[in-house]
Amino acid sequence: MSLKPRTVDFNATWTLLQETIHGVITLAHVPRPVWNDRFSDVYSLCVAHPEPMADRLYAETKLYLTNHVAKLLNEVLEGGDAHLVKNYFKYWTDYSIGARYLHSLYLYLNQQHIKTQKLSDAEIIYGGSDTAGEQMEIGELALEIWRSGMISPLGYKLVKLLLEAIDEDRLYHTTTLPIDAVKGTILSFVEVQTYKKKGQLQLYQELFEEPFLNSSGEHFKRDAARLLESKDVSLYMEKVIAKIDEELFRARKFLHPSSLPKITQRCETHMVAEHLLFLYSECKNMVQGERKQDLSNMYNLLKSVPNAMSVLVETVLDHIKSQGLVAVNNLQGESVHIHFVENLLEVYKKYRQLIQEVYKGDQNFMGALDKACSSVINYRPSDGRSPSRSPELLAKYCDTLLKKSTKGISESEVDEKLSQSIIIFKYIDDKDIFQKFYSRMLAKRLIHQQTQSMDAEEAMINRLKQACGYEFTNKLHRMFTDMSLSGDLNNRFSTFLKNDSIDLGITFNIHVLQAGAWPFGQSNVTSFALPQQLERSVQMFESFYHKRFNGRKLTWLHHLCQAELRLGYLKKPYLITMQTFQMAILLMFETTNSLTCGEIRDTLQLNNEQIQRYANSLVECKFLLADTEELSSNTSLRLNTEYSNKRTRFRITAAVQKETPQEVEHTMNSVEEDRKLYLQAAIVRIMKSRKVLKHNALIQEVCAQSKVSFAPSIPMIKKCIEALIDKQYIERTPHSSEEYSYVA
Amino acid sequence: MRIEEGKAVSPSKSPTMADGVERMDNESIKPEKMFTLKKWNAVAMWSWDVECDTCAICRVQVMDACLRCQAESKRDFYGKQDCVVVWGECNHSFHYCCMSLWVKQNNRCPLCQQEWSIQRMGK
Ligand SMILES: [Zn+2]
Ligand SMILES: [Zn+2]
Ligand SMILES: [Zn+2]
């Protein structure tokens with residue numbers, strides 16, 4: 001074969017070519033040499049001399065295909081409606097394969113003649129130019145002729161039959177028509193357009209998908225109405241979920257994948273969105289009964305409908321909240337704080353788990369859990385008039401875990417429990433109140449050497465710091481610092497005593513605390529006539545301390561001091577650790593047999609409440625005997641010389657170390673005071689940097705700054721602003737009463 | 001270890017004690033005292049020895065860091081040792097930070113207008 005252009009007899013060549021085309025398009029046998037010759041013929045026509053015959057070849061081929069498809073259409077129609085789909089599919093299958101071969105046969109025409117004429121892709125996509133009248137590659141041409149010659153006249157009828165087949169499948173789960181014919185026919189609407197650069201699905205969507213979705217929608221409406229008759233929400237949801245699955249399965253069996261989400265959405269619209277009230281009617285019972293399967297079904301169905309979930313979320317919130325309140329309501333006894341925290345954690349964990357399991361950890365439900373926990377934990381009894389007890393109880397819980405105790409609980413268990421307690425802590429609004437209680441209890445643990453492990457203490461403070469920031473734990477850190485500074489100070493004091501050959505006669509140990517960092521205000525300091533036995537220690541230490549530090553004064557916190565006293569007047573000697581006030585009372589009996597409470601009070605310069613408390617503790621421990629049941633100023637006390645105890649070395653400090661209701665009350669009151677100071681400091685700080693600020697802007701900034709620690713009330717902030725105006729820290733600007741300026 | 005200042009047991013006041021078991025057993029040991037203080041764990045609180053708790057310049061308690069140090073969060077784990085107190089000859093006291101800025105503008109005590117000179121520094 002020569003590649004040189006030559007003169008060609010078109011008619012003779014076309015006759016041969018037409019014969020082969022027929023064989024190719026009907027998938028008849030075409031011998032390889034014949035194929036090769038015709039392939040060359042296409043080339044020869046395209047490059048024919050003197051005039052190329054490509055356009056003529058194209059026109060003849062187009063005409064041939066058009067006639068061929070018209071013939072096929074007749075044959076399909078002749079088969080009758082019953083065989084319409086089957087026949088269509090059969091011819092389509094052959095034709096579409098044949099068209100691909102034909103495309104190969106016309107390789108030269110496609111590549112050299114047509115491609116060069118064709119618009120670039122970009123021109124087609126963005127240019128929007130009309131491609132009608134343009135020549136197409138032969139494979140595309142064949143498909144386009146099928147569309148216009150076969151699908152156009154037959155489409156409506158085909159679709160009707162296809163929809164009937166699908167309805168039949170819905171009813172009987174089987175079709176009279178073969179599945180591959182139904183699916184193949186449906187997909188032919190896509191395949192016939194695949195050569196297009198855009199709108200490949202347009203024919204499929206307009207011709208088939210839209211009628212299909214509409215008829216499915218009607219079907220779903222009828223199905224929903226039928227299912228609703230049972231009036232059983234649980235059953236209904238199961239059926240709907242099964243229905244959606246079934247429809248998806250069906251869609252995969254027959255349709256193009258792009259239709260899957262659409263059919264699901266139709267189903268959800270008619271079976272879920274249009275029956276929300278019916279679903280909601282059972283919501284509360286399901287949530288309260290914690291019917292996991294039902295709730296999971298409800299969740300999965302509601303998820304598809306915009307904004308439909310909120311009713312379920314609210315119901316879950318209410319349920320968790322009421323379960324939480326039940327868990328901590330009416331707790332009584334010594335270990336209220338333990339039950340309180342651990343019951344709450346149990347509720348929290350249970351519902352967290354449930355949300356993971358049933359609602360797949362959905363943020364809406366996690367948010368509901370947070371809200372529920374927060375409202376339980378910050379619940380204020382008696383209609384909000386009493387403060388929430390959570391800060392105190394949680395602090396006490398931590399205290400119990402961090403204290404030396406006899407209970408057999410391992411270090412890792414303690415660590416785990418403490419780290420869990422942070423879950424509760426994060427929900428507390430009044431974190432400053434928690435901090436108050438925590439610091440009081442920490443102070444007592446540190447000073448009375450009741451700390452189980454310094455590592456555990458520091459780990460806990462770091463957790464709080466992580467949750468609330470450095471500001472929050474600053475004072476707690478300062479307490480630790482004072483502890484280590486005190487250790488150092490004690491060593492230096494011993495050296496000082498040794499160098500000056502001073503013997504105090506007792507083992508002396510001291511904690512020097514920085515005022516402000518510790519929760520012991522000056523208000524706790526009362527008068528006390530120091531027993532002579534302690535005078536020298538106090539004097540020596542003060543002179544040592546003032547030599548070391550400038551401008552400081554020391555206040556002795558006797559209510560926190562402890563003494564170890566050896567009792568030598570009994571059958572065997574006892575070594576008792578007691579509070580300094582207890583010791584001072586006992587020491588008075590060294591010179592007298594009996595004393596009244598009033599006498600002791602006057603000598604020691606203690607107040608009545610202290611005498612009551614400390615004398616009573618000694619009576620309860622049986623070191624002293626009282627002549628009246630209730631102690632009064634006239635009650636006469638004497639030493640119990642018959643005292644005996646199996647143990648000879650123990651402490652009697654516990655009874656007087658307990659947090660009294662007054663102390664709790666005092667702690668709560670001091671919070672109010674501290675908040676005012678905190679707010680005033682914040683206002684001064686803000687005003688100093690901003691100089692002039694509008695009222696609302698100031699309130700906003702103050703709220704933002706105090707959020708980590710507590711939620712301040714607006715009236716309280718207003719009071720603080722007024723107080724600062726009175727004290728001339730800030731003033732109203734001359735032109736507006738709603739604006740303040742800083743007084744430098 | 002005995003308290004030197006402690007009073008000896010008065011036999012007349014507690015006759016039973018004078019015949020205590022230990023004493024009977026071992027005549028060479030001094031008579032057992034009724035009470036012997038062995039150990040004292042004391043707790044004291046320190047604060048600046050000032051007439052007024054509040055610094056008149058920044059209006060924050062002198063035991064706390066001054067406003068400037070608080071705003072800058074300059075506090076480290078050693079509390080506010082950087083932010084000490086200073087006393088003038090007039091005996092008025094302020095945060096050292098506050099006063100050292102004040103004297104740059106006006107070398108007088110903000111409370112009594114006397115010429116400012118440092119009497120002592122907190123340590
Ligand atoms: Zn200051
Ligand atoms: Zn400072
Ligand atoms: Zn002055």
Side-chain angles (χ1 to χ4, degrees), chain A residues 447 470-471 474 477-478 481 503 505-518 520 532-538 541 549-557 560-569 571-573 575 580 583 586-587 589-593 641 681 684-685 688-689 729, chain B residues 1-10 13-14 16-18 20-23 31-50 53 58-65 67-68 70-71 73 75-81 84-87 93 119-123:
Chain A
I447 287 170
Y470 174 63
E471 290 285 309
N474 185 29
H477 277 297
R478 271 157 72 179
T481 307
D503 182 8
I506 57 168
T507 307
F508 176 86
N509 196 37
I510 189 165
H511 287 116
V512 180
L513 318 177
Q514 179 185 315
W518 293 71
F520 310 121
Q532 182 203 8
Q533 286 90 329
L534 296 175
E535 269 170 16
R536 196 166 146 77
S537 302
V538 169
F541 185 77
F549 298 102
N550 257 344
R552 294 188 181 194
K553 67 175 181 223
L554 281 176
T555 310
W556 294 80
L557 304 178
L560 297 171
C561 302
Q562 288 188 355
E564 211 174 275
L565 194 64
R566 184 183 153 99
L567 308 184
Y569 59 90
K571 288 207 177 63
K572 51 184 179 179
L575 200 58
T580 298
M583 176 199 69
L586 278 183
L587 286 177
F589 289 90
E590 198 162 38
T591 49
T592 341
N593 275 330
T641 51
V684 169
R685 188 159 51 232
K688 185 170 185 175
S689 74
Y729 286 34
Chain B
M1 212 189 296
R2 297 252 159 84
I3 315 162
E4 283 162 352
E5 295 88 347
K7 285 180 190 138
V9 176
S10 156
K13 292 220 163 124
S14 47
T16 50
M17 292 305 114
V21 181
E22 279 185 33
R23 198 187 158 195
E32 176 82 5
K33 286 188 180 180
M34 278 183 77
F35 299 105
T36 315
L37 179 57
K38 304 292 278 185
K39 192 172 166 184
W40 194 41
N41 286 328
V43 181
M45 196 164 64
W46 76 265
S47 51
W48 298 120
D49 191 7
V50 289
D53 287 342
C58 72
R59 292 153 176 184
V60 169
Q61 298 224 331
V62 285
M63 270 318 280
D64 281 326
L67 207 53
R68 188 172 303 272
Q70 280 197 29
S73 276
R75 286 161 289 178
D76 53 18
F77 282 9
Y78 295 93
K80 38 163 209 69
Q81 311 233 330
V84 294
V85 171
V86 62
W87 284 262
S93 50
Q119 181 203 91
R120 60 188 171 135
M121 292 263 293
K123 186 177 89 161

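To find a chain, count down the sequence lines: A is the first, B the second, and so on, and within it residues start at 1. Please read all numbers here as calculations on a predicted model, not as lab measurements.
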Item to check | Any A:Arg566 side-chain heavy atom under 4.5 Å of B:Phe35 side chain | outcome: no

Item to check | Among A:Thr580, A:Asn509, A:Leu565, side chain to side chain contact (heavy atoms under 4.5 Å, CB included) partner for B:Trp40 | outcome: A:Thr580

Checklist outcome for this item: To the nearest 0.5 Å, atom CD of A:Gln532 lies from atom CG of B:Leu37 at 11.5 Å

Checklist entry - Taking A:Leu534, A:Leu575, A:Val512, A:Val538 one by one, which has the highest count of heavy-atom pairs under 4.5 Å against chain B? => result A:Leu534

Checklist entry - Between atom CH2 of B:Trp48 and atom CZ of A:Arg552, what is the distance when rounded to the nearest 0.5 Å? => result 5.0 Å

Checklist entry - Distance from A:Leu554 atom CG to B:Asp49 atom CG, nearest 0.5 Å? => result 10.0 Å

Item to check | Portion of A:Leu586 that has a non-hydrogen atom of chain B nearer than 4.5 angstrom | outcome: both

Next on the checklist: Is A:Ile447 in contact with chain B via its backbone, its side chain, both, or neither, using a 4.5 Å heavy-atom distance?
Outcome noted: side chain

Checklist outcome for this item: Taking every heavy atom of B:Ala42 against every heavy atom of A:Trp556, the minimum-distance pair comes out as CB-CZ3, 3.6 Å

Checklist entry - Which distance, rounded to the nearest 0.5 Å, do you find between the CG of B:Asn41 and the OG1 of A:Thr507? => result 9.0 Å

Next on the checklist: So, taking the atom named CD in A:Glu564 and the one named NZ in B:Lys38, what distance separates them when rounded to the nearest 0.5 Å?
Outcome noted: 8.5 Å

Checklist entry - Looking only at heavy atoms, which two atoms of A:Gln514 and B:Met45 are closest? And how far apart? => result C-CG, 4.4 Å

Next on the checklist: Between A:Leu513, A:Leu560, A:Ile510, A:Leu587, who has the most heavy-atom pairs with chain B when the cutoff is under 4.5 Å?
Outcome noted: A:Leu513

Checklist entry - At their closest point, which heavy atom of A:Arg478 faces which heavy atom of B:Asp64, and how far apart are they? => result NH2-OD1, 4.1 Å

Checklist outcome for this item: Taking every heavy atom of A:Cys561 against every heavy atom of B:Val43, the minimum-distance pair comes out as SG-N, 3.3 Å

